[in-house]
Amino acid sequence: NAGVTQTPKFQVLKTGQSMTLQCAQDMNHNSMYWYRQDPGMGLRLIYYSASEGTTDKGEVPNGYNVSRLNKREFSLRLESAAPSQTSVYFCASRVGGPGYGYTFGSGTRLTVV
Amino acid sequence: DQQVKQNSPSLSVQEGRISILNCDYTNSMFDYFLWYKKYPAEGPTFLISISSIKDKNEDGRFTVFLNKSAKHLSLHIVPSQPGDSAVYFCAASAAGGTSYGKLTFGQGTILTVHP
């Protein structure tokens, strides 16, 4: 049972380049989320998808776009990468209501130079 | 505005002793609270949660206490083991409204348990 799979695990981009972070879950979860983790800031929500076909902005959406391709897949796109987007990105999914924990992927470490 | 705060960046305890990790929140709409544990190079893993209608929830060595009037929760680990050394994140969620299902995380506390 793979859970939540993120690709790639590491990436180095030059300022202005674009890339897409991929996320897939095999648990038939409805809700999926993208967070970024920065030192001293905890995890901050970028975008989320409550169900297939819907996406909404989180706390720090600027510079990002998302696509909920189907129930399994939720991708995060950086159209023009900036050094401020250097971070560790986590995708997560959840089966039920607010009291249920997320299942997180192992993360993508992105460096923008 | 940090709605969930973990004011202690780090905590060091001896194996076998109690570890107490603290978390404060400001948003009175939060009604579910969760703790996550994170090892280096891995994603966070869910540990334990508590609803605002309770003041305590236990799961093995882990107990979460909630004080709604003080907007404070804590995670107790008894007894602490070296394998508990990790970053612990507190998170909160609201059951309704525009915040439905979204978790707001604290900054994290690095726990080190010494043998």
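Quick note on labels: first sequence line is chain A, next is B, and so on, each numbered from 1.
The nearest pair of heavy atoms linking B:K38 to A:F90 is CE-CZ, 3.4 Å. For the pair A:L43 and B:P44, the tightest heavy-atom approach, listed with the atom from each and the gap, is CD2-CG, 4.2 Å. Of all heavy-atom pairs spanning B:Y36 and A:F104, the tightest one is CE2-CE1, 3.7 Å.
With a 6.0 Å radius and a threshold of 12 heavy atoms from other residues, nucleotides or ligands, A:K71 has its NZ atom above the threshold. Around atom CZ of B:R17, no more than 12 heavy atoms belonging to other residues, nucleotides or ligands sit under 6.0 Å away.
Of the possible donor and acceptor atoms, none in the side chain of A:Y35 sits under 3.5 Å from a partner among the backbone N and O of B:F105.
Of the two parts of B:F33, neither the backbone nor the side chain holds a non-hydrogen atom closer than 4.5 Å to a non-hydrogen atom of chain A. Only the side chain of A:Q37 comes within contact range of chain B, with heavy atoms under 4.5 Å apart. For B:A41, the part sitting under 4.5 Å from any heavy atom of chain A is the backbone (N, CA, C, O) and nothing else.
Linking Ile, Leu, Val, Met, Phe, Trp and Tyr residues whenever their side-chain heavy atoms come within less than 4.5 Å leaves B:L47 and B:F65 in two separate clusters. No single ILVMFWY cluster, assembled from side-chain heavy atoms under 4.5 Å apart, contains both A:W34 and A:L45. Cluster annotation: B:F62 is connected to B:L11 through the hydrophobic network of ILVMFWY side chains, with a link wherever side-chain heavy atoms come within less than 4.5 Å. Under the 4.5 Å side-chain contact rule for hydrophobic residues, B:V4 and B:I20 do not share a cluster. Transitive grouping of hydrophobic side chains (ILVMFWY, heavy atoms separated by less than 4.5 Å) keeps A:I46 and B:F89 in distinct clusters.
Once rounded to the nearest 0.5 Å, the distance linking NZ of B:K102 with OH of A:Y47 reads 12.0 Å.
Between chain B and the residues A:G107, A:A50, A:A92, A:S106, the most heavy-atom pairs under 4.5 angstrom are made by A:S106.
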